[in-house]
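Protein chains get the first letters and strands the later ones, always in sequence-line order, with residue 1 at the start of each.
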Protein chains: 2
Amino acid sequence: MSENLRERTRRAVQREIGDAALTLFAERGYDATTIDDIAAAVGMSQRSVFRYFATKEEIVVGKLELAVDDMLDVLRRRPPGEPVWTSLRRVFDVVDHYGDQQELSALIHRMVFDTPALSAAYLHRLQLMQEAVVAVLVERAAKAGNPYPADDPTPRALTASAFGCLVAAQHSWLASSTQGTFANALDRAMATLIPRA
Amino acid sequence: MSENLRERTRRAVQREIGDAALTLFAERGYDATTIDDIAAAVGMSQRSVFRYFATKEEIVVGKLELAVDDMLDVLRRRPPGEPVWTSLRRVFDVVDHYGDQQELSALIHRMVFDTPALSAAYLHRLQLMQEAVVAVLVERAAKAGNPYPADDPTPRALTASAFGCLVAAQHSWLASSTQGTFANALDRAMATLIPRA
DNA sequence: GACAAGCTTGACAGTGACTGACAGGTTCGG
DNA sequence: CCGAACCTGTCAGTCACTGTCAAGCTTGTC
């Protein structure tokens, strides 16, 4: 139980820092808020904040909780024969679990998209996820009996396009003042392309 | 003529810094090279280096010379009725003008892709380009007489997917030890998807 | 209940990217 | 040839981030 407790308190502290930081960011802006400000807000030293978050950007980007593990789990559970494009769309359902806290999610996304440093960090994170997704796709095709040829760009291209659509949908959704569901925006974005059979 | 000269010397100095920096980066690695090192190599003060490059990342990413202006020019010159996907493929011909210096280009890309800070900066830059491209596409559709509906995600989604394919192609090309032309890699990547009519 | 091991924390010092301000020197246009 | 515009080095400062160390608290063990 002890280990579990340590982990729980760790998460609790992390959450507390994250929440306090987000409040400050929303008030003064991301760039205008220093780590010292955040540390002061939660009554810790600057050093300790960095023990919970590797970088300042991660405090925000981590909030998006694009849990890589969840996405990969979903992908692995999809029927091996399913079209890749469909599987990818299902993977993004994980992202869509913002459902209950649309407003917060929109706030964060807006902040990410108009803070260059955050935007860069977010895109980089998506890129890392893509690599993991591609690996699973390759593995799954092999298991299904029709592996991709050695240097076939197909899995990479499809994945990159799907993630591109994800970002496009996020932009569209924000631009339309978050009217309609995000899931709908994503469906529309991904419907503009058809993978070649 | 004077203005022209100023600009030319400016570009010359910028190029000199960039070349010296790239040499150092290649020797010691990006992170292990400080701006002071670069400044010393070209016999300038650190401050002056920052007068030619806004950030350390830009020294490298700027080398990729993904000249936004060139891309937009190409796009604007395409026949208005041409399928968007085709136009985007043509836009990327600008990127392919690495032709004569494949080796250098590959070196830089490799460095970008395995240095997190550079990767993030590069992806962010691509994102900015996309916004400009989307604007041109919207404008062009309007001029051609069939404008996109107000919140149609199509142009954004297609552009994002095309850029996704671009990055995927770059990865594939590097992974295959730069066998074959980059143009070919891009063609293959973009052929995996068909825009819905 | 004492004790050793392990985790967490604050304090301090240091690096490196980046910025603002100022002063001296060079170039340019008239 | 003179003032304006430009470029440069120097200095000082901010801020993200890292290593180190000693002190305190937690936990598992006897």
**Report entry** By side-chain contact (heavy atoms from CB on, under 4.5 Å) - contacts of A144(A) (at least two apart)
**Finding:** P80(A), N146(A)
Query raised in the report: Can you tell which of R77(B), R140(B), R76(B) makes a side-chain hydrogen bond (donor to acceptor under 3.5 Å, both in side chains) with S87(B)?
Result: R140(B)
Query raised in the report: How would you label the contact of T33(B) with the nucleic acid (heavy atoms, under 4.0 Å): base, sugar-phosphate, or nothing?
Result: sugar-phosphate
Query raised in the report: CD of E57(B) versus P of dG16(C): gap in Å, rounded?
Result: 16 Å
Requested in this report: May I ask you to check whether S172(A) and R188(A) show a side-chain donor-acceptor distance below 3.5 Å?
Outcome: no
Report task. Check the distance between dC18(C)'s P and I38(B)'s CD1 and give it to me in whole angstrom. Result -> 10 Å
Query raised in the report: CD1 of I35(A) versus P of dT14(D): gap in Å, rounded?
Result: 17 Å
Query raised in the report: What is the nucleic acid contact for S48(A), judged by heavy atoms within less than 4.0 Å: base, sugar-phosphate only, or nothing?
Result: sugar-phosphate
**Report entry** Passing candidate, side-chain hydrogen bond (donor to acceptor under 3.5 Å, both in side chains) with R28(B), options T23(B), T33(B), D37(B), T34(B)
**Finding:** D37(B)
Requested in this report: Round to a whole Å and report the spacing from CZ of F25(B) to C1' of dA17(C).
Outcome: 12 Å
**Report entry** Polar side chain donor-acceptor pair, Q130(B) to T159(B), under 3.5 angstrom
**Finding:** no
Report summary line: Whether each nucleotide of nucleotides 19-24 of chain C has a protein heavy atom under 4.0 Å at its base (B), only at its sugar-phosphate (S) or at neither (-) is summarised, 5' to 3', as BBB---
Query raised in the report: Rounded to the Å, how far apart are R28(A) CZ and dC15(D) P?
Result: 11 Å
Report task. May I have the distance from Y30(A) (atom OH) to dC15(D) (atom P), rounded to whole angstrom? Result -> 14 Å
Query - K56(B) to Y30(B), cation-pi by 6.0 Å centre distance and 45° axis angle - result: yes
Query - Residue pairs involving residues 128-165 of chain B (criterion ring-ring contact (aromatic ring centres under 6.0 Å, His included); sequence neighbours excluded) - result: F92(B)-F163(B)
Query raised in the report: Would you say a side-chain N or O of Y52(A) is under 4.0 Å from OP1 or OP2 of dT9(C)?
Result: yes
**Report entry** d(NZ, K56(A); P, dC18(C)) in whole Å
**Finding:** 14 Å
Query raised in the report: Separation of M44(A) atom CE from dT8(C) atom P, in whole Å?
Result: 11 Å
